[in-house]
Amino acid sequence: MIITLILLCLVGAIVLLDKQAIGEFGISQPIIASPLIGLIFGEFEVGLFLGTALQLVWIGALPLGAKEPTDNQSAGVVAISSFLLAKKLNISVEAEKLMFVGLLLGSIASLLGQFSSQLLKRINNHLFLKAAQDFEDHNIITNHLMGLLTFFLRNFILILFFQIIVIAFAPFIRLLPQFSISELIALPLGIGIAGIARLVIIPFRLALRELRYNKQIIFSILGMITGFILWIIIKL
Amino acid sequence: MTNWEAIKGLITLFFLQTSWSYAGKQTLGFLYAWISLTRTSAQEKRDLKNLVGKKTGFNTNPYCAGLLLGIALNNEANIAKEWFVTLQHILGGLGDEFFWRTLRPLLLALVTLFLILGYYQNKLNIYSIGIFKFAPLLFLIPYVIITQRVRLKGLIDGVRYGQKATVFLNELRKSLTVLYHILAYILGVLIVLLPPIASYSLSSPIATITSGLLFTFIVLLLFALIFGLLRSDRRASYLLIAGLLIFLIIKVIL
């Protein structure tokens, strides 16, 4: 179990580097990270489900400028890691109960992840101030790449924290009521679709004010027509 | 700029935000990339460190930093600091709007809704959703191609054309307008398809007109409630945590 715990923290911490420290390719998004970690540990379908359930919840959380949004990347990684460890500790318990634990801990991780990201950026201030003393090349390179270590440690500790919670509550997981998949996905999906609407409607509302030459309206009407056609096709 | 230098430049830009901090933002990342790509005199280094020094700092959208790096590599000595800082902010605003607010959420939302459709088509049996399981790649592949193309093209154009490379901004602005049109179109489709999808997903097919209207009213009411509550993204977390716990309590009681 210890090996699984350490492996989960290591793999999760590496995947989360994509959030900011390396590349920002999108690998750390729940819909990629959860199935990816699930694939590594033999639970691809559960990872895909947890990633799908969590992906839309924070669709409106945007890293604009220096703002630190809620950490949906850590939510996805903690959700699948918690499921995997809980399963290791409770082989006979129904998977839906373990998924519920994953979703709950993942949603809490989104807040703790945000807080720890802000804390990390204050810690990185020291790296910058040390480099800025003389801005010598080796000073810049050393302190900049030290950011990889601070970010990795932040990820590792965050995941480890939630794994310890899973270990502590493992005996009680079997007492949870049984859930169905539609029950598990209903709430995140409801929040997610409202989040998409917020994301789409707010610029759309701004666009509505300039109704005179606004093309968005035309494209929306085309969309509605397509929607009706699709509905009719589905109905037939 | 040789191909090898361009690739090296792209790779160093992957580490732009590695040591992001409130004090220096992306400054160390920018200087690290610049140091990795040039062998210049002490004077030229001083010029650049004045341009991106302790006080001014460097911060823009990470995918658009290639253009600024290229311009700095092209003629770092004669760039006006104010112009360079202004360009950072313009690229920051335009880049954030394009990547963070529009492209990424749009791709993620489409792929996730497509996956959810797959789940419902397979009666929510998560272990057999067939081809839908490759859906995440529909986000990852285009997103990586677009973001890395912008990074690399910006770098190459910046080195080749120097300050004239800012025409790149127009290209980004036009692409943003196209994305808005796509967003508006999808909003139209969603508005029409939301009630029937919701009714199908909660396995309560609309029998009569009145039940259909009632159902649509309930869905939209619930929608408006969540919509109003989601004023900040932290509330999505609170809503999900509280919702899951309340749901757990109800399940235990019933």
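Not measured: the values here are computed from a predicted model. So that the names make sense, note that chain A is the first sequence line, chain B the second, and so on, each numbered from 1.
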Supply the atom-to-atom distance [X] [atom1] to [Y] [atom2], rounded to the nearest 0.5 angstrom.
{"X": "A:I140", "Y": "B:F30", "atom1": "CD1", "atom2": "CZ", "result": "11.0 Å"}
{"X": "A:L54", "Y": "B:T112", "atom1": "CG", "atom2": "OG1", "result": "10.5 Å"}
{"X": "A:I22", "Y": "B:Q17", "atom1": "CD1", "atom2": "CD", "result": "12.5 Å"}
{"X": "A:L48", "Y": "B:I126", "atom1": "CG", "atom2": "CD1", "result": "8.5 Å"}
{"X": "B:Y238", "Y": "A:T70", "atom1": "OH", "atom2": "OG1", "result": "9.0 Å"}
{"X": "B:L113", "Y": "A:Q55", "atom1": "CG", "atom2": "CD", "result": "10.5 Å"}

[X] portion near chain B, given a 4.5 angstrom heavy-atom threshold:
{"X": "A:N143", "value": "both"}
{"X": "A:Q114", "value": "side chain"}
{"X": "A:I221", "value": "neither"}
{"X": "A:T52", "value": "both"}
{"X": "A:Q29", "value": "side chain"}
{"X": "A:I27", "value": "both"}
{"X": "A:A95", "value": "side chain"}

Does some side-chain heavy atom of [Y] sit less than 4.5 Å from a side-chain heavy atom of [X]?
{"X": "B:S21", "Y": "A:L127", "result": "no"}
{"X": "B:I35", "Y": "A:F135", "result": "no"}
{"X": "B:V189", "Y": "A:M224", "result": "no"}
{"X": "B:V192", "Y": "A:L230", "result": "no"}
{"X": "A:E24", "Y": "B:F14", "result": "no"}
{"X": "B:Q148", "Y": "A:F25", "result": "yes"}

Tell me, side chain or backbone of [X] under 4.5 Å from chain A's heavy atoms, or both, or neither?
{"X": "B:I129", "answer": "side chain"}
{"X": "B:I186", "answer": "neither"}
{"X": "B:F139", "answer": "side chain"}

Checklist entry - So, A:F219 versus B:Y180, ring centres under 6.0 angstrom or not? => result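 Ring centres of B:Y180 and A:F219 not closer than 6.0 Å.
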Checklist entry - Yes or no on side chain to side chain contact (heavy atoms under 4.5 Å, CB included) for B:Y32 and A:L145, after CA distance, side-chain angles and deciding distance? => result CA-CA 9 Å; B:Y32 168 73; A:L145 295 181; 4.1 Å; yes
Next on the checklist: Using side chain to side chain contact (heavy atoms under 4.5 Å, CB included), reason through A:I141 and B:L31 one step at a time and then give a plain yes or no.
Outcome noted: CA-CA 8 Å; A:I141 293 169; B:L31 291 175; over 6 Å; no
Interface residue of largest heavy-atom contact number with chain A, from [options], under 4.5 Å:
{"options": "B:V252, B:L108, B:V144", "result": "B:L108"}
{"options": "B:G93, B:G92, B:A109", "result": "B:A109"}
{"options": "B:G95, B:S128, B:G243, B:G24", "result": "B:G24"}

Checklist entry - Between A:F179 and B:F247, how do the two ring planes meet: parallel, tilted or perpendicular, split at 30° and 60°? => result tilted
Item to check | Verdict with supporting geometry, A:I218 and B:Y185, side chain to side chain contact (heavy atoms under 4.5 Å, CB included) | outcome: CA-CA 8 Å; A:I218 298 163; B:Y185 177 81; over 6 Å; no
Item to check | side chain to side chain contact (heavy atoms under 4.5 Å, CB included) between B:Y119 and A:F49, intermediate numbers included | outcome: CA-CA 9 Å; B:Y119 279 127; A:F49 174 72; 3.5 Å; yes
Next on the checklist: If you count heavy atoms of other groups shown closer than 6.0 angstrom to CD1 of B:I131, is the number above 12?
Outcome noted: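 Incorrect, the count does not exceed 12.
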Item to check | Heavy-atom neighbours of A:F169 CZ exceed 12 at 6.0 Å | outcome: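 No, because the 6.0 Å sphere around CZ of A:F169 holds 12 heavy atoms or fewer from other groups.
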Checklist entry - Between B:K133 (side chain) and A:E45 (backbone), is there a donor-acceptor pair under 3.5 Å? => result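 It does not hold such a pair.
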Checklist entry - Does any donor atom in the side chain of B:S237 or A:S110 lie under 3.5 Å from an acceptor atom in the other side chain? => result yes
Item to check | Minimum heavy-atom distance between B:L124 and A:S182, given as atom pair plus value | outcome: CD1-CB, 3.2 Å
Checklist entry - A:L148 and B:T18: which non-hydrogen atoms are nearest, and at how many Å? => result N-CG2, 3.3 Å
